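Owing to the predicted nature of the structure, the values given are computational and were not obtained by experimental measurement.
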Amino acid sequence: MRTILAGSALVGLALCSAIASAARAAEPSPELIAYGKTLVEAGDCAGCHTADPAKPFAGGKRIDTPFGAIYSPNLTPDRDTGIGAWADTDFTRALRYGIAPDGSNYYPAFPFPYFTRMTKDDTLAIRAYLGTLAPVTSRNKPPGLRWPFGYRGLMRVWNYFYFKPGLFEPDQNQSAAWNRGGYLVTGLGHCGACHTPKNYFGADRQAQALSGNEVGGWYAPRLDGATRTGLKSWSVEDITEYLQSGRNAKSHAGGLMAEVVVGSTSKMSDADVHAIAVYLKSLPPARRETIATPPDDAEMKAGQAIYAKLCIACHEADGTGSPRIYPPLPGNALLQSINPSSTLRLILDGAHTVTTPRAPNTGEMPPYAKQLSDDEIAAVTNYIRNSWGNAAPLVTPAQVAKARKEEP
């Protein structure tokens, strides 16, 4: 009898050891977790999923869309209100197909149409990192969408017409850097979520990919090779410097892009940022640039007078400014964009130069919303958008008034 009991004990001990070994084997390695962290930063997940800086990734951040507001969910490993109880398959299906564990569909404010291009290994690396976060109890807020967009069942129709699942397909005729950049831009980095024009239903206009789009009162400029308003005049090195530091000799990051630089691209590896630059620099113009009608002499003189009084001290009479401190205006692609939203935001609200480890020095532009009328802001905007060889569509006082009301 003792022999039988002893044998049973040994078997039980062996089973326990095997289970413990399997559990240890299932635990993600430090290397996988570290890699997942780099992917989370590349995707700027914290940018949307953090409402309270003291509770990173706990969700609750309001995301405004043309159809109403959506609130980001909790990504911490809390089992009741986060993703702690999710299986790996739940997480991969959510990320790559936009389907929640309960079978409901996510809205495309969650960029699953881009994340679908990610590999399964990368999605699991992201999950491994998120699993190391401190659990936070934070219940997801219901969306505040206008009727009938609050019915999630409509997403099945949207997906049928606008969602094409599938991995990123490398181009064997391109370099490894180009393919890595394409994977990041069109997949994990979801650049088109902001920089690609949308149709009436909020889906990307694929034929105009990365050719600029208005987002949250700002204009996400063209990332294609357009001559005046795109990246035609930027080198790979210019793009790399901008993404790493938030500024270069041609422009500064502002508004929503400044947040992306601070929270994402400035933290990415040199190789990945360079790969993004290589890919973007290869893109031809996705659509023709608008032919601009120049302002009349009276408008230009009025704008020049305001510029001479308020702007010349920093930006110089010829607009050259002080590169990497006060951005130059001649040839500035964002300044010449068809949509003046970002320029108007900067003039109305002022700006603080984004600071990063590579560019810690600060700069500041004062706000002029109280100092200048709608007509005056329109005049000075038209002047700088159409001087020194620049050419851009006219801005009206009505557009300025609208921008005032749409203050972010």
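A distance-only check finds a donor-acceptor pair linking the side chain of Asn386 to the backbone of Ala392 [under 3.5 Å]. Looking only at distances, no side-chain donor or acceptor of Arg180 sits under 3.5 Å from a matching main-chain atom of Ala271. A distance-only check finds a donor-acceptor pair linking the side chain of Asn179 to the backbone of Asp171 [under 3.5 Å]. In this structure a side-chain-to-backbone donor-acceptor pair under 3.5 Å is present from Thr81 to Ser138. A donor-acceptor pair is defined here as one N or O able to donate and one able to accept, closer than 3.5 Å; such a pair exists between the side chain of Trp158 and the backbone of Phe201. With hydrogens and angles disregarded, a donor-acceptor distance shorter than 3.5 Å links the side chain of Arg404 to the backbone of Ala369. Judged by distance alone, with hydrogens and angles left aside, the side-chain atoms of Thr320 form no donor-acceptor pair with the main-chain N or O of Pro328 at under 3.5 Å. At least one donor-acceptor pair closer than 3.5 Å links the side chain of Gln399 to the backbone N or O of Thr396. With hydrogens and angles disregarded, a donor-acceptor distance shorter than 3.5 Å links the side chain of Asn390 to the backbone of Gly331. In terms of modelled atom types and a separation under 3.5 Å, the side chain of Arg146 and the main chain of Pro66 share a donor-acceptor contact.
His195 places a side-chain heavy atom less than 4.5 Å from the side chain of Pro221. By the 4.5 Å heavy-atom criterion applied to side chains, Leu184 and Met268 are counted as neighbours. Side chains of Cys48 and Ile63 form a contact here, defined as non-hydrogen atoms less than 4.5 Å apart. Under the 4.5 Å side-chain criterion, counting only non-hydrogen atoms from C-beta, Met257 is not in contact with Val354. Residues Phe112 and Phe163 are in side-chain contact: their nearest non-hydrogen atoms beyond the backbone lie under 4.5 Å apart. Looking at Thr265 and Gln244, their side chains never come closer than 4.5 Å, going by heavy atoms from C-beta outward. Side-chain contact check for Thr38 versus Tyr129: every heavy-atom pair is 4.5 Å or farther apart. Residues Ile126 and Asp122 form no side-chain contact, since every pair of their non-hydrogen atoms from C-beta on lies 4.5 Å or further apart.
Across Pro170 and Phe168, no two heavy atoms sit closer than the pair CD-O, 3.3 Å. In this structure, Thr119 and Tyr183 approach most closely via the heavy-atom pair N-OH, 3.2 Å. Residues Val136 and Asp78 approach most closely at O-CB, 3.3 Å, considering heavy atoms. Residues Leu231 and Lys281 approach most closely at O-NZ, 3.0 Å, considering heavy atoms. Taking all atoms of both residues into account, the shortest heavy-atom contact from Glu299 to Ala379 is OE2-CA, 3.3 Å. Looking at every heavy atom in both residues, Gln336 comes nearest to Gly389 through OE1-O, 4.4 Å.
Side chain to side chain, Tyr114 and Asp204 meet the donor-acceptor criterion of an N or O pair below 3.5 Å. Side-chain contact of Thr92 with Thr123: a donor-acceptor pair under 3.5 Å is present, judged by distance alone. Residues Ser373 and Asp375 have side chains that never bring a donor and an acceptor to within less than 3.5 angstrom of each other.
Taking CD of Glu289 as the reference point, atom OG of Ser211 lies at 11.0 Å (rounded to 0.5 Å). Separating the CG atom in Leu210 from the CG atom in Leu280 is a distance of 7.0 Å, to the nearest 0.5 Å. Note that OG of Ser251 and CG of Leu329 are 10.0 Å apart. Values are rounded to the nearest 0.5 Å. Separation of atoms CG (Asn339) and CZ (Arg222) is listed at 12.5 Å; rounding is to 0.5 Å. Taking CD of Glu376 as the reference point, atom OH of Tyr368 lies at 12.5 Å (rounded to 0.5 Å). Rounding to the nearest 0.5 Å gives a distance of 10.5 Å between OG1 of Thr240 and CH2 of Trp234.
Within a 6.0 Å sphere centred on CD of Glu169, other residues, nucleotides and ligands contribute 12 heavy atoms or fewer. Remark: Arg139 CZ is loosely packed, at most 12 non-hydrogen atoms of other residues, nucleotides or ligands lying under 6.0 Å away. The neighbour count for Lys37 NZ, taken as heavy atoms of other residues, nucleotides or ligands under 6.0 Å away, does not exceed 12.
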Q) Would Glu406 and Glu214 satisfy side-chain contact (heavy atoms from CB on, under 4.5 Å), going step by step from the backbone distance to the final call? A) CA-CA 12 Å; Glu406 295 177 346; Glu214 185 170 354; 4.1 Å; yes

Requested in this report: Apply side-chain contact (heavy atoms from CB on, under 4.5 Å) to the pair His49 and Leu130, showing each step before the final yes or no.
Outcome: CA-CA 12 Å; His49 290 272; Leu130 294 176; over 6 Å; no

Let me see the working for Arg287 and Asp224 under salt bridge (Lys or Arg N to Asp or Glu O under 4.0 Å), right down to the final yes or no. CA-CA 9 Å; Arg287 57 189 168 101; Asp224 60 15; over 6 Å; no

Check your understanding: Tyr107 and Thr65: side-chain contact (heavy atoms from CB on, under 4.5 Å), yes or no, with the steps?
Key -> CA-CA 11 Å; Tyr107 295 108; Thr65 78; over 6 Å; no

- Task: Go through the steps for Lys405 and Asp374 under the test salt bridge (Lys or Arg N to Asp or Glu O under 4.0 Å), then give the verdict.
- Result: CA-CA 12 Å; Lys405 296 177 182 179; Asp374 293 345; over 6 Å; no

Report task. Could you walk me through whether Ile377 and Leu344 pass the side-chain contact (heavy atoms from CB on, under 4.5 Å) test, one step at a time? Result -> CA-CA 8 Å; Ile377 290 178; Leu344 294 178; 4.0 Å; yes

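Taking the six-membered ring for Trp and the full ring otherwise, the centers of Phe115 and Phe110 sit less than 6.0 Å from each other.
Ring geometry for Tyr383 against Tyr307 counts as tilted: the plane angle lies between 30° and 60°, on a 0 to 90° scale. Between Phe67 and Phe149, the two ring planes are tilted [angle within 30° to 60°].
Exactly one residue among Thr356, Asn361, Thr355 makes a side-chain hydrogen bond (donor to acceptor under 3.5 Å, both in side chains) with Arg247. That residue is Asn361. Exactly one of Val261, Val262, Leu256 qualifies for a side chain to side chain contact (heavy atoms under 4.5 Å, CB included) with Glu259. That residue is Leu256.
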